[in-house]
Amino acid sequence: MFLFKKVADLQKYLDNKRDTGNVIGFVPTMGALHEGHLSLIRQSKEQSDITVCSIFVNPTQFNDVADLDKYPRTTGADIDLLTSVDTNVLFLPPVEEVYPPGLDTNLTLDFGDLAKVMEGEFRPGHFDGMAQVVWRLLTIIGPDKLFMGQKDFQQLAIVRSMLKQMQSNIELIMCPIVREEDGLAMSSRNVRLTPENRAVAPIIQKTLQEAKLMIGDKTPSEVQDWAMKTLKDLDFKPEYFDIVDGITLQSIKSFKDSDFVVACTAAWGGDVRLIDNLVFKG
Ligand code: AMP
């Protein structure tokens, strides 16, 4: 695996690979890698000739400075994991390579209602920062394919909208959620859960699954109320449990309103914020 810290060096390497006809796959991450990330690398390796993984904890997408400071950083272990799955390139830039002083990297895109709900409501500015860094990394790397996880369902919808608005030809590939044996969605934040909260955390996925079984009997808002109460009773403080159309991300009033229904939730276990989702229909 080649490791690049400087944009110019990475671009020189990739230009050469592109000129010789290689398809470039890209997996952006914030590090503290786990099997979920590695599944994206594996899918990229299957569908591309050269797989580039980036590790960059992007300061502009954290609306809470404490969350940025507490974000786990495990570069040595990450390098070992990436090597174990034969990643071709790791891009590990310092902040000034991604945001060089004097370069305007702001994106002025309008994500409309997509960015106003769920994560957009509880993490103001998060998606502007996320889109900014993803677009900047895409501009640096110039991949043919971009691999992202269904785990961050709303993020994918925003990136899809961004690629459309920027008239980009990059193919966006959604990769399924990888879970721990007890059903908890793998996340870099899981290591920060206390043993007590870690033991209870699978309740998030269980609640999503039980909620899905209620489709025939209850309205979406009744299911939402039940799910919020279930999570609260177990001390996993939910911020939202929204049942939405999978394309527009807007809440549905009846399960008949959409052919593609997804339930998305965010909940706090102590000071750790976890997200998860489950496709109910479609
Ligand atoms: P992050 O490092 O959290 O920014 O995630 C980098 C990429 O990995 C994003 O596209 C995530 O959606 C994806 N990802 C994170 N956790 C999982 C998981 N458990 N299963 C599949 N993909 C994941």
Side-chain angles (χ1 to χ4, degrees), residues 25-48 51-64 67-68 70-75 77-79 81-82 85 87 90-93 98 118-119 123 126-138 141 143 145-163 170-193 198 201-202 204-205 208 246 249 262 264-267 272-279:
F26 175 42
V27 179
T29 81
M30 296 206 297
L33 302 181
H34 49 67
E35 259 311 306
H37 297 112
L38 298 189
S39 76
L40 270 55
I41 302 277
R42 288 194 191 95
Q43 286 170 75
S44 173
K45 285 202 59 92
E46 272 169 26
Q47 298 182 42
S48 334
T51 290
V52 182
C53 174
S54 65
I55 296 181
F56 181 63
V57 183
N58 174 38
T60 71
Q61 73 188 66
F62 283 82
N63 52 317
D64 176 359
D67 195 24
L68 170 64
K70 282 185 292 189
Y71 202 84
R73 287 155 172 96
T74 57
T75 311
D78 291 349
I79 291 174
L81 284 173
L82 290 173
V85 290
T87 309
L90 167 59
F91 182 43
L92 189 66
V98 178
M118 302 193 288
E119 295 296 290
R123 300 182 71 189
H126 166 66
F127 285 129
D128 290 334
M130 183 280 293
Q132 176 189 27
V133 77
V134 173
W135 186 250
R136 175 77 183 125
L137 291 170
L138 293 177
I141 293 162
K145 301 181 185 197
L146 170 62
F147 295 82
M148 299 187 84
Q150 180 199 327
K151 159 105 186 323
D152 298 86
F153 192 81
Q154 192 171 10
Q155 170 171 286
L156 259 164
I158 301 271
V159 170
R160 196 179 295 122
S161 164
M162 177 183 78
L163 294 175
I170 297 168
E171 186 186 349
L172 176 62
I173 293 131
M174 175 165 98
C175 306
I177 302 175
V178 178
R179 297 180 179 281
E180 302 287 355
E181 267 181 26
D182 60 10
L184 176 64
M186 288 193 181
S187 163
S188 309
R189 293 165 199 263
N190 291 353
V191 292
R192 291 189 39 239
L193 290 166
R198 175 62 190 84
I204 300 177
Q205 195 225 12
L208 284 161
L249 303 189
V262 186
C264 302
T265 185
V272 184
R273 187 175 185 277
L274 301 178
I275 58 170
D276 201 349
N277 64 80
L278 186 67
V279 175

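All ligand and atom numbering here is 1-based and tracks the order in the structure.
Atoms of ligand 1 found under 4.0 Å from any heavy atom of I177, numbered from 1 in the order shown, are 20 (N), 21 (C). Counting atoms of ligand 1 from 1 in the listed order, those under 4.0 Å from a heavy atom of M148 are 10 (O). Contact atoms of ligand 1 toward P176: 20 (N), 21 (C) (distance under 4.0 Å to a heavy atom of the residue). When each atom of ligand 1 is checked for a heavy atom of D152 under 4.0 Å away, the hits are 11 (C), 12 (O). Below 4.0 Å from some heavy atom of L40 lie the following atoms of ligand 1, by number and element: 7 (C), 8 (O), 10 (O), 13 (C), 22 (N). Close approach of ligand 1 to P28 (heavy-atom distance below 4.0 Å) involves ligand atoms 6 (C), 7 (C). The contact set between ligand 1 and M186, taken as ligand atoms under 4.0 Å from a residue heavy atom, comprises 16 (N), 17 (C), 18 (C), 19 (N).
Without hydrogens or angle criteria, S188 side chain to G31 main chain gives a donor-acceptor distance under 3.5 Å. A donor-acceptor pair is defined here as one N or O able to donate and one able to accept, closer than 3.5 Å; no such pair exists between the side chain of R198 and the backbone of L193. Side-chain N or O atoms of N58 include one that pairs as donor or acceptor with a backbone N or O of G129 at under 3.5 Å. At least one donor-acceptor pair closer than 3.5 Å links the side chain of N277 to the backbone N or O of Q150. D78 places a side-chain N or O within donor-acceptor distance of the main-chain N or O of L33, the cut-off being under 3.5 Å. Judged purely by atom type and a 3.5 angstrom limit, Q43 uses its side chain to pair as donor or acceptor with the backbone of S39. No donor-acceptor pair closer than 3.5 Å links the side chain of K145 to the backbone N or O of S48. Side-chain atoms of D276 do not come within 3.5 Å of backbone N or O of A267 as any donor-acceptor pair.
Using a 4.0 Å cut-off between charged side-chain N and carboxylate O, K70 and D64 make no salt bridge.
The N/O atoms of C175, backbone and side chain alike, include none that comes under 3.5 Å of an N/O atom in ligand 1. Of the polar atoms of V178, at least one N or O is found under 3.5 Å from an N or O of ligand 1, judged by distance alone.
Close to ligand 1: Y71, with a non-hydrogen atom less than 4.0 angstrom away. Assignment of H34 to the shell around ligand 1 is supported, since a heavy atom sits closer than 4.0 Å.
The single protein non-hydrogen atom nearest to atom 4 (O) of ligand 1 is M30 CG, 3.7 Å, given as residue, atom name and distance. Protein heavy atom nearest atom 1 (P) of ligand 1, with residue, atom name and distance: H37 NE2, 3.7 Å. Annotation: atom 10 (O) of ligand 1 to nearest protein heavy atom, G149 N, 2.9 Å.
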